[in-house]
Enquirer: 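Sending over a structure as structure tokens; questions will come in a sec.
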Amino acid sequence: MKPLLYLLSVKYNGRDGKAHMYFYDEDTHTLVDVPDHTGHLPYLLTDLKPEELIAQYPDVFTHKGFNRLEVVEKYDALNDRWFLMTKVEALDPLSIGGTQKSIREILRGHAWEAKIKYHHCYIYDANLIPGMPYTLENGKPKLVDTKVPEEIEKLIRDLVKEKRDLAEYLSWAQILNAPIPRLRRVAIDIEVDSPPGIVPNPEKADRAVIAVSYYSDDRKGVLLLKRSNDIPKLEQNDAEITVFENEKELLQAAFKIMTSYPVVLTFNGDNFDLPYLLNRALKLGLREEEIPIEWSPRSDYAEIKGSIHIDLYKFFTNKSMRVYAFGNKYREGRTLDEVSMALLGIGKVKHEEAISEMTPERLVEYSLRDAELTYKLTSFNNDLVMKLIILMMRISKLPIEDLTRHNISAWIRNMLYYEHRQRGWLIPNLEDILRLKGQTSTKAIIKGKKYLGAIVINPKPGVYFNVVVVDFASLYPSVIKTWNLSYETVRCQHKECMENRVPGTNHWVCKKRRGLMSEIIGILRDLRVYVYKKGAKSSKNEEERQQYDVIQSALKVFLNASYGVFGSEAFPLYCPPVAESTTALGRYSILKTMQKAVEMGIPVLYGDTDSLFLWNPPQEKLEELLQNILNELQIDLSIDKEYLWVVFSKRKKNYLGLLKERKVDIKGLTGKKRNTPDYIKNLFNEIVEDLSEADNVSEFEKSVDKIRDLVFTAIQRLKKHEVPLDQLAFKVALTKPLKEYTKTTPQHVKAARQLLEYRSKLGISGNVEVGEIIAYVKTRNKDGVKAVQVARIDEVDNDKYIEIMRTTLQQILDALEIDFDDLLSGKVITLEKLV
DNA sequence: ACGAGTAATGA
DNA sequence: TCATTACT
């Protein structure tokens, strides 16, 4: 049997002017470079006939990139018609031109599909699916016909009755179920000899590279530059440590390691490690051919000749990955320490001394840890991240470099473009969608937003026992599926569809054609909810379960963003009525459900976007409700959580409850927020813990005494200055550079400025970076705040802290009808009013 | 370079 | 009242 070759990347190669496919050979663990076999060049489309082109735009034919013309039939979904267009094939219709205009510019106003990059164009037209296994036959890649597991096929057959639909579902299942290769890879990290406080500049590369560490599953080690005559003891478990007298030789050794792996991992290698190595090597007199790193200002990523470079910094900072794949476990993902601490439980090696002043032993330890963390971010949980990457490449049809560096809107864009090209549909221009479908008909509540969003039902304050939360499984994707929402079907051109209104808007939806977005998002939703989630639950095989779980997580990432992108101006298929209709139908669904519940005599306590809190619903009524909604709205409503009790305040998005499994669940309360001082957070948690032991009203009453004691002691300690400063610190992130706070000066900005001044007194230069978390305490000086680093305990403004305690605790106490001031004064409180 | 809604706080 | 932040 021929070895399986997994398509990882397609790149345009300037040297031979061809597209190259890069496959991972699972037998040899190497990269196979396959030059273009189709002769495809990218193209743009125009509505001009060839003779009009010749007459009006002769420049196109003399353009140096021009190749040929072809007339093709395309489907214009916006106007529901097929028509002839002229395909202008050219080497690089987007940008080649130099002083000359590019072909896209020459044809401005008559150009379609003119912004698609060469390699993406190639993938669409050669019908390639990145991440999938191929075999090579006479230099041509052939997709391997992998089988869908029987149980998956059965789940799909039970779900889909229409024959044509079935084929679509099965082909997606084939893509998702195809085997996933284990990529052989190495993580690289460099250290530079730069003075304390100075961030080395990769463009200048004027300081020596003192260490390059590498970490893989078969070898790890550090290449170290010898800087003094001390002979360091260099023993670090099983790492290889190589000392170089000469920096140039060190770099050459590093290059040799990098190119011996098909995949190289870095953390911020695009912006630091690789350009630094490149420029440093040039500076030390290496010739370009001797340096395997390529970096051009035009492409914003650093490439390694003959290998694939993945910069994990970009991937882990990606909001969709952070929130939906990694459950928001880390905040921003700006540092390796933050991400690895959250996902692996190990951080960087802590150090007081500057890198350049470390002993060789320390440097080795520090540097190797960075490479180790970088590698392990891709290997933890049985290579979870690598598997996710491969699966998301298959869904989006993006090469590995693009997938790992771009945000979700690019993934969804590329997925939809691919489907257009597959079907012979014309990809519409942004302006054309907007001209036909620009209007919105609802008004946002938040100033500056474009349309009305989700609905939040006013909570009924108080304590409630036996609360069941029901929610819609992926509400927005479901709405998009069942209501046929798509840019071409919402406000379609047919008169007869106009009566098919979207409730709460003045939009209508097409009844004659199936919407493309609706179809694709619908398939992905069904596969996630009814096939892979189910499969993951029912499968007896651990490995299989894990595989289905990765697949359903990958689908989740796409589904969760599938509505939002249509409301974003930056998305090339931006269509406000689609986004607006989605939220309108979401409101319609939740309100219908609420109405039904009330009709059935089930009290609704609260609801947010896609969930309802039901008070003590009898089992049979609950089941009736779920069934009724499924029949009426064709959206799955299911039980999400069950509480022994829930406490609501009068504020929305604020509640506290004890789950059936005796776990406390807190939402939105200040006591839980990151920026709240630890001292108050801890007090809050102690109170919550105390309450969590109560499961009836009388036990609640008993808790109150304890709560009073806790609050009293907390205030006494504060007044006696017994609370350490860091416990009192607010921790707030800078979201923009210090200079840009001109209109107002928030407290954390004041503190940041003090901090800067303080640092400069100590002789530390450098800046306060965007994203840096500033810790400050409230004080009784003019500014009202001081950065923790410069504050003293006796300066703390106790009254301010008591106020903060009051507002924080009031969120719980309000609902329990306990008054904070009564706690302070020691009055006796009963809870009889509660019942 | 995915959306809108809510709450809290300080200028 | 507006700006800023954090969170759902």
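Per chain, numbering begins at 1; letters A, B, ... match sequence-line order.
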Enquirer: Need one value for A:Ala454: base, sugar-phosphate or nothing, where a base atom within 4.0 Å counts as base even if backbone is also close, heavy atoms only.
Expert: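 Sugar-phosphate, no base atom in range.
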
Enquirer: Is any side-chain N or O of A:Lys449 closer than 4.0 Å to OP1 or OP2 of B:dA4?
Expert: yes

Enquirer: Without decimals, in angstroms, what is the distance between A:Phe730 CZ and B:dT9 C1'?
Expert: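 A:Phe730 atom CZ is separated from B:dT9 atom C1' by 9 Å.
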
Enquirer: With sequence neighbours excluded, tell me which residues meet side chain to side chain contact (heavy atoms under 4.5 Å, CB included) with A:Lys437.
Expert: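 For A:Lys437 the side chain to side chain contact (heavy atoms under 4.5 Å, CB included) partners, ignoring immediate neighbours, are A:Leu78, A:Ile433, A:Arg491, A:Cys575, A:Pro577.
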
Enquirer: C:dT8 P sits how many Å from A:Phe613 CZ, rounded?
Expert: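 One finds 13 Å between P of C:dT8 and CZ of A:Phe613, rounded.
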
Enquirer: Taking only side-chain nitrogens and oxygens of A:Arg587, does any of them come within less than 4.0 Å of OP1 or OP2 of B:dA4?
Expert: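 Checking B:dA4 against A:Arg587, no side-chain N or O comes under 4.0 Å of OP1 or OP2.
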
Enquirer: So does A:Lys653 get a side-chain nitrogen or oxygen closer than 4.0 Å to the phosphate oxygens (OP1/OP2) of C:dT8?
Expert: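 Checking C:dT8 against A:Lys653, no side-chain N or O comes under 4.0 Å of OP1 or OP2.
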
Enquirer: Could you state the atom-to-atom distance from CG of A:Asp608 to P of B:dA4 in whole Å?
Expert: 16 Å

Enquirer: A:Lys667 side chain: which of B:dA1, B:dA4, C:dT8 is closest?
Expert: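 Between B:dA1, B:dA4, C:dT8, the one nearest the side chain of A:Lys667 would be C:dT8.
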
Enquirer: Is the phosphate of B:dT9, meaning OP1 or OP2, less than 4.0 Å from a side-chain N or O of A:Thr807?
Expert: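 Checking B:dT9 against A:Thr807, a side-chain N or O does come within under 4.0 Å of OP1 or OP2.
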
Enquirer: Rounded to whole Å, please give me the gap between OH in A:Tyr487 and C1' in B:dC2.
Expert: 19 Å

Enquirer: When all nucleic acid strands are considered with a 4.0 Å heavy-atom cut-off, which category describes A:Tyr451: base, sugar-phosphate, or nothing?
Expert: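 Counting heavy atoms under 4.0 Å across all strands, the contact made by A:Tyr451 is with sugar-phosphate only.
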
Enquirer: Name the closest nucleotide to the A:Arg651 side chain, picking from B:dA8, B:dG3, B:dA11.
Expert: B:dA8

Enquirer: Check whether A:Arg405 reaches the backbone of A:Glu401 with its side chain - one donor and one acceptor, N or O, closer than 3.5 Å.
Expert: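 Yes: the side chain of A:Arg405 pairs with the backbone of A:Glu401.
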
Enquirer: Could you state the CD-C1' distance from A:Gln747 to B:dA8, rounded to the nearest angstrom?
Expert: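 Atom CD in A:Gln747 sits about 12 Å away from atom C1' in B:dA8.
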
Enquirer: What residues, two or more places apart in sequence or in another chain, satisfy side chain to side chain contact (heavy atoms under 4.5 Å, CB included) together with A:Glu569?
Expert: A:Lys450, A:Tyr574

Enquirer: My understanding is that only residues two or more places apart in sequence, or in another chain, count here; which of them pass salt bridge (charged side-chain N to carboxylate O under 4.0 Å, His left out) with A:Asp799?
Expert: none

Enquirer: Pick base, sugar-phosphate or nothing for A:Lys750, based on heavy-atom distances below 4.0 Å to the nucleic acid.
Expert: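 It contacts sugar-phosphate atoms only.
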
Enquirer: How close do A:Leu485 and A:Met517 get, heavy atom to heavy atom, and via which atoms?
Expert: O-CB, 4.0 Å

Enquirer: Return the value, rounded to whole Å, for the distance between atom CD1 of A:Ile445 and atom C1' of B:dA4.
Expert: 9 Å

Enquirer: Between B:dG3, B:dC2, B:dT6, which one does the side chain of A:Lys652 approach most closely?
Expert: B:dT6

Enquirer: Give every pair of a protein N or O atom and an N or O atom of nucleotides 1-4 of chain C that lie under 3.5 Å apart, one pair per line with the distance.
Expert:
residue : atom : partner  : partner atom : Å
C:dT4   : OP1  : A:Lys736 : NZ           : 3.2

Enquirer: Please state how far atom CE in A:Met517 lies from atom P in B:dC2, giving the value in whole angstrom units.
Expert: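 My rounded result for the distance is 18 Å.
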
Enquirer: Take the angle between the ring planes of A:Tyr417 and A:Tyr124 and call it parallel below 30°, perpendicular above 60°, tilted in between.
Expert: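 Perpendicular: the ring planes of A:Tyr417 and A:Tyr124 meet at over 60°.
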
Enquirer: Pick base, sugar-phosphate or nothing for A:Leu452, based on heavy-atom distances below 4.0 Å to the nucleic acid.
Expert: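 Touches sugar-phosphate only.
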
Enquirer: Who passes ring pair (Phe, Tyr, Trp, His ring centres under 6.0 Å) against A:His120, sequence neighbours left out?
Expert: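 For A:His120, no residue satisfies ring pair (Phe, Tyr, Trp, His ring centres under 6.0 Å) once neighbours in sequence are set aside.
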
Enquirer: Mind running salt bridge (Lys or Arg N to Asp or Glu O under 4.0 Å) on A:Lys117 and A:Asp402 for me, showing each step along the way?
Expert: CA-CA 11 Å; A:Lys117 293 221 168 124; A:Asp402 293 337; over 6 Å; no

Enquirer: Who pairs with A:Ile590 by side chain to side chain contact (heavy atoms under 4.5 Å, CB included), at least two apart in sequence or on another chain?
Expert: A:Ile455, A:Phe472, A:Leu612

Enquirer: Atom CZ of A:Arg806 and atom P of B:dA7: how far apart are they, to the nearest Å?
Expert: 20 Å

Enquirer: Please determine if a side-chain N or O atom of A:Ser568 lies less than 4.0 Å away from the OP1 or OP2 oxygen of B:dC2.
Expert: no

Enquirer: A:Gly564 near the nucleic acid: base, sugar-phosphate alone, or nothing, with a heavy-atom cut-off under 4.0 Å?
Expert: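 Counting heavy atoms under 4.0 Å across all strands, the contact made by A:Gly564 includes a base.
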
Enquirer: For DNA chain B, whose closest nucleotide is more 5', that of A:Ser409 or that of A:Glu803?
Expert: A:Ser409

Enquirer: Look at the side chain of A:Tyr324 and decide which nucleotide, out of B:dA7, B:dG5, B:dC2, has an atom nearest to it.
Expert: B:dC2

Enquirer: Closer to the 5' end of DNA chain B via nearest nucleotide, is it A:Thr583 or A:Lys800?
Expert: A:Thr583

Enquirer: Would you indicate which nucleotide in B:dA11, B:dA7, B:dC2 comes nearest to any side-chain atom of A:Asn407?
Expert: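 Within the option list, the nearest is B:dC2.
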
